[in-house]
Amino acid sequence: MSFVQARTMPGVLELLPLDQVAFQAMLDAIRRNFERFGFLPIETPVMEYSSVLLTKQGGETERQVYFVQSTGALQAAREGDLPELALRFDLTVPLARYVAEHEHALVFPFRRYQMQRVYRGERAQRGRFREFYQCDIDVIGKDQLSVRHDAELPAVIYSVFRDLDIGAFTIQLNNRKLMRGFLQQLGLADGERQGAVLREVDKLDKRGLDAVRDSLTGVDFALAPAAVAQLLDFVGFRSHSLQHALARLQALGEGNEALQQGRAELTEVLQLIHAFGVPESHYALNLSIARGLDYYTGTVYETTLNEHPQIGSICSGGRYENLASHYTRSRLPGVGISIGATRLYWQLREAGLLKGARSTVQALVAQMDEAELPRYLELATELRGAGINTEAVVEPGKLARQFKYADRAGIRFVLVLGPDEIAKGTVTVKDLRKQDQFEVARADLVATLRVEIEQAAAMRGSDSH
RNA sequence: GUGGACGUAGCUCAGCUGGUUAGAGUACUGGAUUGUGAUUCCAGUUGUCGUGGGUUCGAGUCCCAUCGUCCACCCCA
C-alpha cells in the first residue's frame with residue numbers, strides 16, 4: 001500500500017489551531033474597527049465570470065488569474081476558449097461588479113468592508129501567497145465623492161493597527177495628481193511614461209537612491225541626468241510633522257493645474273487626518289509613494305512598521321476616479337484601502353512580533369474520579385453559563401496525563417475536584433502559566449476564575465509595551 | 001513570464017580528497033510507586049540520502065537528466 005503524500009500546494013498558509021486562534025484574533029480586531037467606523041459587510045463569491053474579471057486584457061492580472069472549469073464544461077470547451085469562470089484575484093474588481101449590479105438598491109456614499117480570500121498564480125516566494133486574505137474598506141460615491149473621505153480611511157487604519165498592537169507604524173501618503181503635475185513640469189507629458197516613472201520612483205525606499213537613479217537614466221527611461229536629479233530631489237521628501245508636510249506643499253510655488261489640484265487635495269487630507277484624531281507621529285507625507293496600479297488617480301497610501309522596514313507595506317490603497325466604468329455608465333468615484341491579512345500575519349510571526357499562542361479554551365475540568373463525572377459536567381456547564389470557555393475531561397485517565405494535555409493544548413486553568421475538595425466544598429484551580437495553584441470555595445469559583453482570566457488578559461495586553 | 005542557488009529523520013543540520021551496518025540536536029512515544037503539566041533523568045521509534053540513469057570493485061559523496069524547493073526580477077497584500 002503506497003500513500004499519496006499529504007501536502008498542500010506552495011503559497012497557501014495552513015495553521016495549527018493555536019496559530020489559527022492568533023490569526024482569527026487579528027481578523028476580529030480588523031473587523032471590529034471597520035464596523036466602528038460605520039462600514040457595512042458584504043461578501044462576494046470566490047468565482048466570477050471570466051468576462052467580468054478580465055476587463056483589462058493582457059495585463060499582469062491575466063497572467064496570474066486561476067481559471068475554474070467543471071469537468072463537464074472542460075469536455076465541452078472548444079480549443080482556445082477561455083474557461084467561463086475564474087477565481088477573484090482581489091476584492092476591488094468584484095466590488096465594482098457588485099456596485100454596478102446592485103446600484104439601485106445601495107445607499108451612497110456606499111461604505112463597505114469585505115474580508116475574504118483571493119487567489120493569484122504567483123511564483124512561490126517567501127511571504128507571497130497564492131491564496132490569501134484581503135481586508136478591504138472602500139467608500140464609493142455616486143457622481144462625486146468628497147476628498148474628505150480620503151482622510152477618513154487613514155483614521156480607520158490608525159485605529160486598526162493601534163488595536164493590533166504591533167508597534168510603531170506610519171501611514172504614508174502622497175497624491176498622484178501632484179506627481180503627474182510635477183512630471184509634466186519636467187517635460188514628461190505622456191501618461192503611460194509617467195506611470196512607469198512613478199513605479200520606478202516608488203522603489204526608492206526599498207532599493208535605494210542609486211539604483212533608482214541608474215534605472216531612470218538608463219536605457220529603459222533615458223531621462224536627462226539633470227531632470228532625474230531634480231525628480232529625485234523632489235521625491236526624496238519625507239515629512240516629520242504635519243507642519244513640515246504643509247510647509248513643503250506650500251513651498252511648491254505656482255505650477256500647472258494638476259500640481260495645484262494635487263496640492264490642494266493633499267493639504268486638505270493631511271489637515272483632516274489630524275482632525276479625525278490620528279496623531280501626527282503616525283502619518284507622513286512621502287513623495288515617492290506611487291503604487292503600481294494605474295487606476296489610482298489621487299491620494300495614495302502605504303503603511304509601514306517603523307521598527308521593521310524590511311516587512312514593507314502592510315496596508316495600502318488609494319483614490320480612484322471611476323470604479324465600475326466597465327460595467328455601468330454611472331460615474332462611481334471611490335477611495336479604498338486593503339490589508340493583506342495573510343501576509344501581515346506571516347510577516348509578524350517571522351519578525352517575532354506575535355505574542356505566544358493561547359487557546360480559546362479557558363478552563364479544563366479534570367477528571368479526578370470517574371464516578372464523579374456528573375459533578376464535573378455540572379461544573380463545566382456552570383462555567384459555560386458564566387461565559388467561560390470550558391472543556392471537561394470525559395475519558396478517565398491519569399491526572400498527569402490530563403495536565404499534560406492541558407499544557408500542550410494551551411489551556412491555562414485546570415480545575416481539580418477530587419475527594420479532598422468535595423469534602424471541603426472547594427475546587428483547586430491550577431494556573432499552568434503561573435505554575436501556581438490555589439483552592440477556592442465552590443460557590444466562589446466562577447467569580448474568582450473570571451477575575452483570574454481578566455487579569456491574565458490585562459497582563460497580556462501590557463507586556464508588549 | 002525571465003534569471004540564479006539548493007535537495008540527507010517531522011524540523012535544524014553533520015557526514016573529510018568516493019571506503020564497513022548513515023549520525024547529532026530537536027520533536028515524538030514510554031518510564032522514574034500515592035492527586036499535578038512544562039523543567040530533570042532513563043529508554044525507544046524515525047530515513048528508497050528528492051527521483052531515474054551513468055562512471056566505479058564500491059556513490060549520500062563524482063557526471064547527466066528530471067522533479068521539487070528557495071532566492072532575485074516582473075508584479076503585488
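First the proteins, then the strands, lettered A, B, ... as listed; each starts at 1.
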Engineer: How far does CZ of A:Arg450 sit from CD of A:Gln455, to the nearest 0.5 angstrom?
Structural biologist: 14.5 Å
Engineer: What is the distance, rounded to the nearest whole Å, between atom CH2 of A:Trp346 and atom P of B:A77?
Structural biologist: 17 Å
Engineer: Side-chain N or O of A:Arg207 versus OP1/OP2 of B:C74: is the shortest distance under 4.0 Å?
Structural biologist: yes
Engineer: Between the side chains of A:Arg238 and A:Ser288, does any donor sit under 3.5 Å from an acceptor?
Structural biologist: yes
Engineer: Cation-pi between A:Lys430 and A:Phe403: NZ/CZ under 6.0 Å from ring centre and within 45° of the ring axis?
Structural biologist: yes
Engineer: For A:Met115, I'd like to know if atom CE has over 12 heavy atoms of other residues, nucleotides or ligands within 6.0 Å.
Structural biologist: yes
Engineer: Under a 3.5 Å cut-off for both contacts, is B:G58 paired Watson-Crick or G-U wobble with anything, and if yes, with which nucleotide?
Structural biologist: none
Engineer: In whole angstrom, what separates A:Asp136's CG from B:A77's P?
Structural biologist: 9 Å
Engineer: Quick check: A:Tyr119 with A:Tyr66 (ring centres under 6.0 Å apart)?
Structural biologist: no
Engineer: For B:C6, which nucleotide is its Watson-Crick or G-U wobble mate, given both distances must be under 3.5 Å?
Structural biologist: B:G68
Engineer: If you measure from the C1' atom in B:C49 to the same atom in B:G60, how many Å do you get, rounded?
Structural biologist: 5 Å
Engineer: Provide, to the nearest angstrom, the distance between the CD atom belonging to A:Glu200 and the C1' atom belonging to B:C74.
Structural biologist: 11 Å
Engineer: Report, as yes or no, whether the 6.0 Å neighbourhood of atom CD on A:Glu370 holds more than 12 heavy atoms from other residues, nucleotides or ligands.
Structural biologist: no
Engineer: With a 4.0 Å cut-off on heavy atoms, is A:Arg412 in touch with a base, just the backbone sugar-phosphate, or nothing at all?
Structural biologist: nothing
Engineer: Relative to A:Tyr327, does A:Arg97 satisfy both conditions: NZ or CZ under 6.0 angstrom from the six-membered ring centre, and within 45 degrees of the ring's axis?
Structural biologist: no
Engineer: Applying the Watson-Crick and G-U wobble criteria at under 3.5 Å, what pairs with B:C13? Answer none if nothing qualifies.
Structural biologist: B:G23
Engineer: Between B:G58 and B:G31, how far apart are the C1' atoms? Round to whole Å, please.
Structural biologist: 43 Å
Engineer: Given the P atoms of B:G19 and B:A59, what is the spacing between them in whole Å?
Structural biologist: 11 Å
Engineer: Take atom CG of A:Asp220 and atom C1' of B:C73, then tell me their distance rounded to the nearest Å.
Structural biologist: 12 Å
Engineer: Give the rounded distance in Å between these two atoms: NZ of A:Lys206 and C1' of B:C74.
Structural biologist: 14 Å
Engineer: Using a 4.0 Å heavy-atom cut-off to protein, can you give one letter per nucleotide of nucleotides 35-41 of chain B, 5' to 3': B if the base is in contact, S if only the sugar-phosphate is, - if neither?
Structural biologist: BBBB---
Engineer: Provide, to the nearest angstrom, the distance between the CZ atom belonging to A:Arg128 and the P atom belonging to B:C76.
Structural biologist: 10 Å
Engineer: What integer distance in Å separates A:Phe129:CZ from B:C76:C1'?
Structural biologist: 13 Å
Engineer: What integer number of Å spans the P atoms of B:G53 and B:C13?
Structural biologist: 30 Å
Engineer: With a 3.5 Å limit on both atom pairs, tell me what B:U40 is paired to, counting Watson-Crick and G-U wobble, or say none.
Structural biologist: B:A32
Engineer: With a non-hydrogen cut-off below 4.0 angstrom, is A:Ser316 in contact with a base, only sugar-phosphate, or nothing?
Structural biologist: sugar-phosphate
Engineer: Expressed in whole Å, how much space separates the C1' atoms belonging to B:G68 and B:C62?
Structural biologist: 22 Å
Engineer: Taking for each residue the nucleotide of RNA chain B with the nearest heavy atom, is it A:Ile339 or A:Gly11 whose nucleotide lies nearer the 5' end?
Structural biologist: A:Gly11
Engineer: Taking B:U61 as the reference, what is the distance to B:A22 when you measure between their C1' atoms (whole Å, please)?
Structural biologist: 12 Å
Engineer: When both hydrogen-bonding distances must be under 3.5 Å and the geometry is Watson-Crick or G-U wobble, what is B:C73 paired with, if anything?
Structural biologist: B:G1
Engineer: Are A:Lys203 and B:C75 close enough that a side-chain N or O sits under 4.0 Å from OP1 or OP2?
Structural biologist: yes
Engineer: With a 6.0 Å cut-off on the ring centroids, do A:Tyr113 and A:Phe34 count as close?
Structural biologist: yes
Engineer: Does B:A77 have OP1 or OP2 sitting under 4.0 Å from an N or O in the side chain of A:Arg117?
Structural biologist: no
Engineer: Pick the C1' atom in B:C64 and in B:G30, then give their distance to the nearest Å.
Structural biologist: 48 Å
Engineer: Does some side-chain heavy atom of A:Leu323 sit less than 4.5 Å from a side-chain heavy atom of A:Tyr295?
Structural biologist: no
Engineer: If the C1' atom of B:C67 is compared with that of B:C28, how far apart are they to the nearest Å?
Structural biologist: 30 Å
Engineer: Can you tell me how far C1' of B:C76 sits from CG of A:Leu344, to the nearest Å?
Structural biologist: 15 Å
Engineer: Does A:Arg199 put a side-chain nitrogen or oxygen below 4.0 Å from OP1 or OP2 of B:C75?
Structural biologist: yes
